[in-house]
Amino acid sequence: MLSRLYRPAFGLLTDLYQVTMAYGHWRLGRADWQAVFHWSLRTLPFGGGFAIACGQDSALELLGLYRFEEADLEYLRGLTAPDGTVLFERAFVDYLGGLEVHCDIDAVLEGSVVFPREPLLRISGPLILCQLLETLLLNQLNFQTLIATKAARVCHLAAAGDPVLEMGLRRAQGIDGAITAARAAYVGGCAATSNLLAGRLLEIPVRGTQGHAWVMSFDDEIEAFRAFARVQPGNTTLLVDTYDSRYGIDNAIEVGRELAASGHRLQGIRLDSGDPLELSREARSKLDAAGLDETAIVVSGDLDEHRIAALRRAGAEIDAWGVGTRLVAGHRDAAVAGVFKLAAVRADRSQPFRPVIKISDQPEKGTDPGLLQVRRYHDAAGTIVGDAVYDFELGLPATVARGDVRRLMDSASGLPLRLAGVATEHDLLVPLVRDGEPVAPSPTLDELRQRVAEQIAALPAAARLLDHPRVPAVGLEPRLFEKRAELVRRRLDRDRVEA
């Protein structure tokens with residue numbers, strides 16, 4: 001997708017500090033060290049009970065195009081430090097020019113329901129390469145996860161099956177933001193987009209009606225409606241709020257009757273301002289009385305999951321929803337708290353990995369060490385019970401299980417965690433890339449949409465609440481918990497000695 005918009009080289013799609021660290025590793029002879037990094041979410045966006053992992057396919061597309069062109073290398077050669085010295089020596093820049101992507105990636109399947117403090121992607125390979133890829137991966141994964149999660153909340157939790165149209169192009173964060181938002185919104189559950197470029201590039205259904213400018217360009221509203229019906233008889237949805245919504249509804253009904261007489265149908269009317277609850281009720285009554293019971297009522301205008309849910313609870317007569325700004329901008333969270341952290345290193349393949357951790361006074365900022373995997377548990381009805389994070393080099397021993405109970409440790413409190421009612425289980429992270437080459441087929445967007453729907457249906461009811469949800473439990477396998485605790489103790493003891 002993005003490769004069809006931009007030049008096909010993405011080596012510079014990174015932060016400067018990634019390259020300065022890479023230079024440091026190169027200077028110290030550590031470029032070929034092996035490393036393991038994990039992507040995870042510290043917290044869930046929108047105060048919700050889940051997130052939808054999204055963007056993996058886009059990230060892998062850019063990974064296949066990752067390289068430095070000669071113009072990129074010349075740019076790097078010209079960078080200087082604050083003291084005026086050359087930032088990178090020429091031999092390092094030449095090294096980047098020959099850098100090849102040899103890494104392994106395992107990740108949760110795109111469109112999966114996920115929770116905080118569990119690895120969602122694991123990349124292993126040369127330390128310098130994994131470091132350089134951090135920003136590119138996070139750029140693709142974090143934003144699309146934010147928007148797919150928002151769309152899932154709007155479409156599956158609030159609209160509950162009503163069609164939702166993504167209409168945010170004009171207020172999206174640039175070209176790329178608009179297209180990736182359209183992709184993620186469709187994956188999350190939106191039925192169509194107004195964005196024609198996204199429609200062409202991604203084969204997403206496109207929908208659109210008319211704007212106020214069309215109506216305002218005519219002397220009379222009904223004249224504008226009739227003209228639009230003449231030129232778009234099979235696509236006549238009329239925007240009725242340019243002057244007065246109630247008169248607009250009446251004018252639309254008149255044109256609807258005329259369309260019916262000519263063998264066509266008024267597809268819908270759109271309410272973009274005023275009180276959508278009362279106006280939709282009035283419109284439905286008038287439309288039905290006029291024999292236009294198949295005409296849909298579409299509402300737009302600063303909608304989000306909370307407003308849609310409130311209107312549905314109040315009994316609004318609305319058939320479809322147009323959601324723009326608050327979807328593509330991820331209102332009320334500007335970003336998802338996705339991070340990419342080092343978990344293990346080794347000098348060469350003949351050595352075992354050395355687990356590493358980050359320690360923080362803020363529990364959510366601490367990390368878990370090792371080569372991590374996630375085991376998901378379901379009950380007999382297929383509902384998600386919870387997840388266990390474990391080091392796959394240690395395995396997930398049978399001692400963790402007691403019949404239908406899984407005994408874990410809460411990573412934040414250190415208290416025992418008990419998952420009861422387990423009937424089935426499977427690992428979430430699956431191979432996507434081996435030695436830089438994709439090993440899994442790319443799913444279609446419609447397949448991803450179906451996966452999202454199935455995953456949300458598997459959530460416990462308490463996790464699907466818009467307000468004050470209960471997040472399914474995520475715990476550490478006890479040996480991993482002890483490994484982390486031991487590393488923390490060693491680090492703190494070392495700091496005390498050095499102090």
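Only this structure's heavy atoms are used, side chains among them; waters, hydrogens and symmetry mates stay out.
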Value for CG (Leu127) from CG (Leu132), rounded to nearest 0.5 Å, stands at 9.5 Å
Sorted by chain and residue number, the side-chain hydrogen bond (donor to acceptor under 3.5 Å, both in side chains) partners of Gln267 (sequence neighbours excluded) come out as Arg265
Take atom NZ of Lys358 as the centre, draw a 6.0 Å sphere, and report whether it contains more than 12 heavy atoms from other residues, nucleotides or ligands. yes
Result for side-chain hydrogen bond (donor to acceptor under 3.5 Å, both in side chains) between Asp106 and one of Gln373, His38, Arg434 points to Arg434
I'd like to check Gln56 versus Ile105 (side-chain heavy atoms, cut-off strictly below 4.5 Å). Are they in contact?
no
Report task. Kindly indicate whether the side chain of Ile52, heavy atoms from C-beta on, has any atom under 4.5 Å from the side chain of Val114. Result -> no
Exactly one of Val385, Val108, Ile384, Thr424 clears side chain to side chain contact (heavy atoms under 4.5 Å, CB included) with Arg376, and that residue is Ile384
**Request:** Starting from the C-alpha separation in whole Å, work towards a yes-or-no answer on salt bridge (Lys or Arg N to Asp or Glu O under 4.0 Å) for Arg67 and Glu100.
**Result:** CA-CA 7 Å; Arg67 65 180 181 274; Glu100 295 183 352; over 6 Å; no
Separation between OG1 (Thr193) and CG (Leu169), nearest 0.5 Å, reads 7.5 Å
Give a yes/no verdict on a cation-pi contact between Lys341 and Phe37, requiring under 6.0 Å between NZ or CZ and the six-membered ring centre and an angle within 45° of the axis. no
Rounding to 0.5 Å, atoms CG (Asp410) and CZ (Arg418) come to a distance of 15.5 Å
In short, Ser112 meets Leu109 closest at the heavy-atom pair OG-O, 2.6 Å
Residues Ile128 and Ala31: closest non-hydrogen pair is CG2-O, 3.3 Å
Taken in chain and number order and not counting sequence neighbours, the residues that satisfy ring-ring contact (aromatic ring centres under 6.0 Å, His included) with Tyr390 are none
Original post:
Taking side chain as C-beta onward, heavy atoms only, is Leu415 less than 4.5 Å from Met409?
Top reply: no
Closest non-hydrogen contact found for Pro443 with Leu448 is CG-CD2, 3.5 Å
CG of Leu62 to CG of Asn139, rounded to nearest 0.5 Å, is 8.0 Å
For Phe481, the ring-ring contact (aromatic ring centres under 6.0 Å, His included) test, sequence neighbours excluded, returns none
- prompt: Is there a side-chain contact between Leu44 and Val471, using heavy atoms and a 4.5 Å cut-off?
  reply: yes
*Show your reasoning for whether side-chain contact (heavy atoms from CB on, under 4.5 Å) applies to Asp446 and Arg449.*
CA-CA 5 Å; Asp446 285 328; Arg449 282 167 53 82; 3.8 Å; yes
Sequence neighbours excluded, the answer for side-chain hydrogen bond (donor to acceptor under 3.5 Å, both in side chains) partners of His25 is Arg30
task = Just do the salt bridge (Lys or Arg N to Asp or Glu O under 4.0 Å) check on Glu110 and Arg183 with the steps written out, would you?
result = CA-CA 12 Å; Glu110 189 167 14; Arg183 178 188 189 276; 2.7 Å; yes
Residues at least two apart in sequence or cross-chain that pass ring-ring contact (aromatic ring centres under 6.0 Å, His included) with His378, listed by chain then number, are His426
Margin query: Checking Asp333 against Leu146 for the side-chain contact (heavy atoms from CB on, under 4.5 Å) test, could you report, in this order, the C-alpha distance in whole Å, the side-chain angles of both residues, the deciding distance, and whether it holds?
Written below: CA-CA 8 Å; Asp333 290 339; Leu146 179 78; 4.3 Å; yes
request  = For the pair Asp104 and Ile123, evaluate side-chain contact (heavy atoms from CB on, under 4.5 Å) and give the outcome as yes or no after the intermediate values.
outcome  = CA-CA 6 Å; Asp104 294 343; Ile123 180 171; over 6 Å; no
Salt-bridge contact Arg451-Glu454 (side-chain N to carboxylate O under 4.0 Å): no
Between Asp435 and His102, the two heavy atoms sitting closest are OD1-ND1, 3.0 Å
Residues passing the side-chain hydrogen bond (donor to acceptor under 3.5 Å, both in side chains) test with Asp302, sequence neighbours excluded, are none
Decide salt bridge (Lys or Arg N to Asp or Glu O under 4.0 Å) for Asp94 and Arg77; before the verdict, give the C-alpha distance in whole Å, the side-chain angles of both, and the deciding distance to 0.1 Å. CA-CA 9 Å; Asp94 292 343; Arg77 293 185 190 108; 3.0 Å; yes
- Pair Asp162-Trp321, side chain to side chain donor-acceptor pair (under 3.5 Å): steps then yes or no: CA-CA 7 Å; Asp162 290 347; Trp321 311 82; 3.2 Å; yes
#### Entry: Leu120 and Glu118, any side-chain heavy atoms less than 4.5 Å apart
yes
Partner of Arg375 under salt bridge (charged side-chain N to carboxylate O under 4.0 Å, His left out), picked from Asp387, Asp391, Asp427, is Asp427
- So, for Trp26 and Phe92, is the gap between ring centers shorter than 6.0 Å? yes
Notebook entry, point to check: With a 4.5 Å limit on heavy-atom distance, are the side chains of Leu487 and Pro355 in contact?
Noted result: yes
Worksheet item: Does the side chain of Asp319 reach to within under 4.5 Å of the side chain of Val298, using non-hydrogen atoms?
Response: no
Determine whether Leu41 and Val336 satisfy the following criterion, side-chain contact (heavy atoms from CB on, under 4.5 Å), listing intermediate values before the conclusion.
CA-CA 7 Å; Leu41 304 181; Val336 72; 3.9 Å; yes
Output for pair (Thr180 OG1, Phe143 CZ), nearest 0.5 Å, gives 4.5 Å
On a heavy-atom basis, the closest approach of Leu429 and Pro119 is CD1-O, 3.2 Å
**Item:** Main-chain N/O of Arg42 paired to Arg117 side chain as donor or acceptor, under 3.5 Å
**Value:** no
request  = Give a yes or no on whether the backbone of Gly382 and the side-chain of Asp379 come within a donor-acceptor separation of less than 3.5 Å.
outcome  = yes
- prompt: So, are Asp304 and Arg332 salt-bridged, with charged N and O less than 4.0 Å apart?
  reply: no
Check whether more than 12 heavy atoms from other residues, nucleotides or ligands sit under 6.0 Å from atom CD of Glu203, and answer yes or no. no
- Could you walk me through whether Gln34 and Ser124 pass the side chain to side chain donor-acceptor pair (under 3.5 Å) check? CA-CA 7 Å; Gln34 297 294 300; Ser124 57; over 6 Å; no
Can you check salt bridge (Lys or Arg N to Asp or Glu O under 4.0 Å) on Glu425 and Arg406, steps first, answer last? CA-CA 11 Å; Glu425 57 190 80; Arg406 299 298 182 273; 2.8 Å; yes
Is the centre of the Tyr66 ring less than 6.0 Å from the centre of the Phe10 ring? no
| request: Answer yes or no: is there a side-chain heavy-atom contact under 4.5 Å between Val405 and Val422? | output: no
All heavy atoms of Gly55 vs all of Leu141, minimum pair found to be C-CD2, 3.7 Å
Distance col, row Phe68:CZ vs Leu99:CG, nearest 0.5 angstrom, shows 7.0 Å
